[in-house]
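On a predicted model such as this, the values are computed, not experimentally measured, just so you know. Below, each value reflects all heavy atoms present in this structure, side chains not excepted, and no hydrogens, waters or symmetry copies. Positions are given from 1 along the sequence.
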Amino acid sequence: MAQRNIGSHRAAPEHAHPDDVPVQTALAALADPVRLTLVRELAGSEDWSRSCGSFDVPVGKAALSHHFAVLRGAGIVEQRDEGPKRVNRLRRDEFEDRFPGLLELVLRAE
């Protein structure tokens, strides 16, 4: 059961550690164009500097929440609540340890 944040109406996000993620899950998460955009934008941002609503992607709020859940479940991003905002960081080092070179490949310009 997810823990609730103190002073928040929503449950804290649950995260998978990259060590527990099969390669198929990681590849599927990175195959979606919206999720790839999120990962690329996070890669160019400081940790914890981007709230979920700060990304320019062509999906609604519910779909965006789903995309972040998939990325958390694949061990690619970590989220935490700061007041009313949920902020993000790319789990670059942990993901690189589990899947060497994979993140570098997807972050390359097309």
Side-chain angles (χ1 to χ4, degrees):
M1 186 170 177
Q3 289 184 327
R4 294 189 63 73
N5 289 336
I6 296 173
S8 176
H9 64 281
R10 61 182 168 182
E14 294 185 21
H15 301 87
H17 192 280
D19 289 345
D20 301 325
V21 174
V23 69
Q24 296 88 343
T25 300
L27 291 172
L30 293 167
D32 183 89
V34 170
R35 291 192 289 269
L36 188 54
T37 297
L38 297 173
V39 168
R40 286 179 172 163
E41 287 191 28
L42 278 173
S45 304
E46 291 186 39
D47 286 355
W48 310 118
S49 67
R50 299 290 301 270
S51 67
C52 294
S54 71
F55 294 88
D56 185 23
V57 289
V59 297
K61 190 173 180 178
L64 184 60
S65 292
H66 167 74
H67 286 299
F68 274 113
V70 171
L71 291 171
R72 284 193 321 267
I76 300 167
V77 300
E78 185 176 10
Q79 296 181 305
R80 69 180 184 205
D81 290 337
E82 290 184 356
K85 294 183 178 182
R86 182 159 284 176
V87 293
N88 305 276
R89 83 168 180 98
L90 185 62
R91 298 179 78 175
R92 188 186 300 262
D93 293 337
E94 302 101 303
F95 197 78
E96 176 64 21
D97 288 346
R98 173 71 170 107
F99 303 108
L102 180 57
L103 200 52
E104 180 184 335
L105 284 172
V106 299
L107 294 177
R108 286 184 188 167
E110 295 186 32

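Between the Asn88 side chain and the Arg50 main chain, a donor and an acceptor come within less than 3.5 Å of each other. Remark: the backbone N or O of Pro33 is paired with a side-chain donor or acceptor of Thr37 at under 3.5 angstrom. Under a 3.5 Å cut-off, the side chain of Arg98 and the backbone N or O of Val21 do form a donor-acceptor pair. For Arg80 (side chain) and Pro13 (main-chain N/O), no donor-acceptor pair under 3.5 Å exists by modelled atom type.
Criterion: ILVMFWY side-chain heavy atoms under 4.5 Å apart, direct or through other members. Under it, Leu105 and Leu90 are not part of a common hydrophobic cluster. In the hydrophobic clustering of this structure, Val59 does not group with Val70; members are Ile, Leu, Val, Met, Phe, Trp, Tyr whose side-chain heavy atoms approach within less than 4.5 Å, directly or through other members. The hydrophobic clustering, which links ILVMFWY residues whose side-chain heavy atoms are closer than 4.5 Å, places Val87 and Phe55 apart.
Among the candidates Arg86, Glu14, Arg72, the single residue satisfying the side-chain hydrogen bond (donor to acceptor under 3.5 Å, both in side chains) test with Gln79 is Arg72. The side-chain contact (heavy atoms from CB on, under 4.5 Å) test with Leu38 is passed by exactly one of Asp32, Leu64, Val77: Leu64.
A distance of 9.5 Å separates NE2 in His66 from CG in Leu71, rounded to the nearest 0.5 Å.
Salt bridge Glu104/Arg108: present, at least one basic N to carboxylate O contact under 4.0 Å. Salt bridge annotation for Glu94-Arg89: present, with a cationic side-chain nitrogen under 4.0 angstrom from a carboxylate oxygen.
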Could you give me the CA-CA distance, side-chain angles and deciding distance for Leu27 and Leu30, then say whether side-chain contact (heavy atoms from CB on, under 4.5 Å) is met?
CA-CA 5 Å; Leu27 291 172; Leu30 293 167; 5.7 Å; no
Under the side-chain contact (heavy atoms from CB on, under 4.5 Å) criterion, do Val57 and Arg35 qualify, and how do the steps go?
CA-CA 9 Å; Val57 289; Arg35 291 192 289 269; over 6 Å; no
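No more than 12 heavy atoms of other residues, nucleotides or ligands sit less than 6.0 Å from atom CD of Glu46.
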